Enquirer: 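Following this message is one structure expressed as structure tokens.
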Number of protein chains: 2
Amino acid sequence: MTNDERLRFVPAQAYASVEDMRAAEIEDEIHALTTAMRVIAQAIDTRSKAVSRVSGLTIPQIVVMQAVATRGEVTTSLLSRHCHLSAGTVVSILDKLEERGFVERYRNAADRRIVHTRLTASGESALADAPTLLPPVALDGLARLSSGERRAIVSSFEAVAGLLRADGGVPG
Amino acid sequence: MTNDERLRFVPAQAYASVEDMRAAEIEDEIHALTTAMRVIAQAIDTRSKAVSRVSGLTIPQIVVMQAVATRGEVTTSLLSRHCHLSAGTVVSILDKLEERGFVERYRNAADRRIVHTRLTASGESALADAPTLLPPVALDGLARLSSGERRAIVSSFEAVAGLLRADGGVPG
DNA sequence: CTGTAAACATTCGTGCTCGAACGATCTTCG
DNA sequence: CGAAGATCGTTCGAGCACGAATGTTTACAG
């Protein structure tokens with residue numbers, strides 16, 4: 001369903017130069033990369049809905065709770081950096097979690113701008129019962145790969161993340 | 001800001017068996033992978049806002065318009081499969097594009113359930129003026145890599161996409 | 001024919017996500 | 001002390017995204 005536009009089959013002589021050929025190849029790879037990104041993003045959304053149906057928690061909610069659990073009493077801005085979400089997004093997720101009694105928020109006595117968040121007992125048990133972020137099928141598949149393949153995947157994702165993180169939001 | 005939890009430094013003797021050590025290593029890799037996914041997802045959202053500020057089109061809107069452009073007169077369901085978006089999402093994007101006069105929709109005469117979409121003239125020019133989906137910094141960085149590194153990245157993303165696509169939505 | 005099933009697009013409800021704008025609080029400097 | 005500026009969290013508006021439910025249309029069975 002998606003690989004029909006890769007069947008262009010253009011002979012090398014059609015390119016004016018080796019540079020053009022290389023540019024076209026890179027363009028194809030960029031297209032394949034962005035397509036794969038879309039598939040992954042869609043799969044994560046689907047997984048989030050499935051997780052929510054059985055556990056009552058969405059993936060972003062679990063991510064935030066995990067960060068709260070490992071860091072103890074965190075500020076909102078630290079949570080924002082650690083989860084790679086904007087401050088506004090974190091607040092809206094914390095609102096829902098607090099409403100259900102999974103976390104508590106309270107202001108710092110010394111600096112009353114700062115808000116700390118900690119897990120409640122019911123939050124801890126809900127987090128302990130939460131399913132994995134990636135679907136089991138994918139975890140199995142990853143575990144079945146060779147160590148080298150897994151490392152290549154991880155470093156590829158980190159490389160792309162590094163390239164994208166290095167963007168100031170200036171378009172072209 | 002993100003690599004502080006990788007400094008655990010547990011000696012090999014702490015593991016009960018080689019299997020445990022391997023499992024812990026895989027777990028670390030899974031964590032690194034999901035973190036990178038979050039960074040990428042966040043960067044894509046940021047890029048979408050930046051693109052929208054200068055072009056008036058968001059990334060999903062551009063993706064849909066590109067699919068319409070390359071496929072000619074597409075049905076909604078074909079668009080949904082080609083862009084890896086649910087049908088409902090495609091409809092909401094098409095609503096906005098039609099409202100601005102970038103696309104036209106009309107029902108098939110033979111089968112009146114089917115709705116076709118085609119680009120208008122202003123849609124074509126808007127699409128031609130649209131910036132790249134990935135930020136220029138990232139495109140430069142990718143182009144600067146060796147051919148082998150780029151291929152490794154593309155195949156890594158496609159491998160993960162394949163693993164995630166193979167999920168029926170059943171949680172664990 | 002007629003009623004049932006399937007396919008297609010749409011609407012609806014909920015949640016995530018961002019940036020911009022805002023108010024509250026603290027710090028710094030005159 | 002008091003004003004200017006920085007920092008922190010929150011609120012707001014717009015858009016994306018999913019699945020479920022809905023309505024319309026076609027296909028098929030009897």
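These values consider heavy atoms only, across backbone and side chains, with no hydrogens, waters or symmetry-generated copies. Every value quoted in this text rests on a predicted model; they were computed, and no experiment measured them. In what follows, chains are A, B, ... by sequence order, proteins preceding strands, each numbered from 1.
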Enquirer: May I have the distance from I114(A) (atom CD1) to dC26(C) (atom C1'), rounded to whole angstrom?
Expert: 10 Å
Enquirer: Checking R38(B) side chain against P60(A) main chain: does a donor-acceptor pair fall under 3.5 Å?
Expert: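 Flag not set: sc R38(B) to bb P60(A) has no pair under 3.5 Å.
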Enquirer: Quick one: list whatever passes side chain to side chain contact (heavy atoms under 4.5 Å, CB included) with A69(B), sequence neighbours left out.
Expert: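 A69(B) satisfies side chain to side chain contact (heavy atoms under 4.5 Å, CB included) with L119(B), L127(B) only.
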Enquirer: What integer distance in Å separates E99(A):CD from dT14(C):P?
Expert: 12 Å
Enquirer: From CD of E98(A) over to C1' of dT10(D), roughly how many Å is that when rounded to an integer?
Expert: 13 Å
Enquirer: Quick one: what's the B/S/- string for nucleotides 15-29 of chain D, heavy-atom cutoff under 4.0 Å, read 5' to 3'?
Expert: SSBBS-----BS---
Enquirer: What salt bridge (Lys or Arg N to Asp or Glu O under 4.0 Å) pairs are there with at least one residue in residues 83-95 of chain A, not counting sequence neighbours?
Expert: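 For residues 83-95 of chain A, and leaving out neighbouring residues, the salt bridge (Lys or Arg N to Asp or Glu O under 4.0 Å) pairs sorted by first residue read D95(A)-R105(A).
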Enquirer: Rounded to whole Å, how long is the line connecting atom CG of D95(B) with atom P of dC12(C)?
Expert: 11 Å
Enquirer: Measure from CG on L94(A) to P on dG15(C) and round the result to the nearest Å.
Expert: 15 Å
Enquirer: Using whole Å, report how far CG of L164(A) lies from P of dC18(C).
Expert: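 Rounding to the nearest Å, CG of L164(A) and P of dC18(C) are 14 Å apart.
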Enquirer: Looking at the side chain of V115(B), which of dT11(D), dT10(D), dA9(C) is the nearest nucleotide?
Expert: dA9(C)
Enquirer: Examine dA9(C): is either OP1 or OP2 under 4.0 Å from a nitrogen or oxygen in the side chain of R105(B)? Give yes or no.
Expert: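 Checking R105(B) against dA9(C): no side-chain N or O falls below 4.0 Å of OP1 or OP2.
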Enquirer: Rounding to a whole Å, what distance do you find between I44(A):CD1 and dT17(C):C1'?
Expert: 14 Å
Enquirer: Just to verify, what does S125(B) make a side chain to side chain contact (heavy atoms under 4.5 Å, CB included) with, not counting sequence neighbours?
Expert: none
Enquirer: For dA7(C), does OP1 or OP2 lie under 4.0 Å from any side-chain N or O of S77(B)?
Expert: no
Enquirer: Identify, with sequence neighbours excluded, every residue that meets salt bridge (Lys or Arg N to Asp or Glu O under 4.0 Å) alongside E104(A).
Expert: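 E104(A) satisfies salt bridge (Lys or Arg N to Asp or Glu O under 4.0 Å) with R118(A) once adjacent residues are dropped.
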Enquirer: With sequence neighbours excluded, give me every salt bridge (Lys or Arg N to Asp or Glu O under 4.0 Å) pair touching residues 133-155 of chain B.
Expert: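 Every salt bridge (Lys or Arg N to Asp or Glu O under 4.0 Å) pair that includes a residue of residues 133-155 of chain B, provided the two are not neighbours, is E25(A)-R151(B), E29(A)-R150(B).
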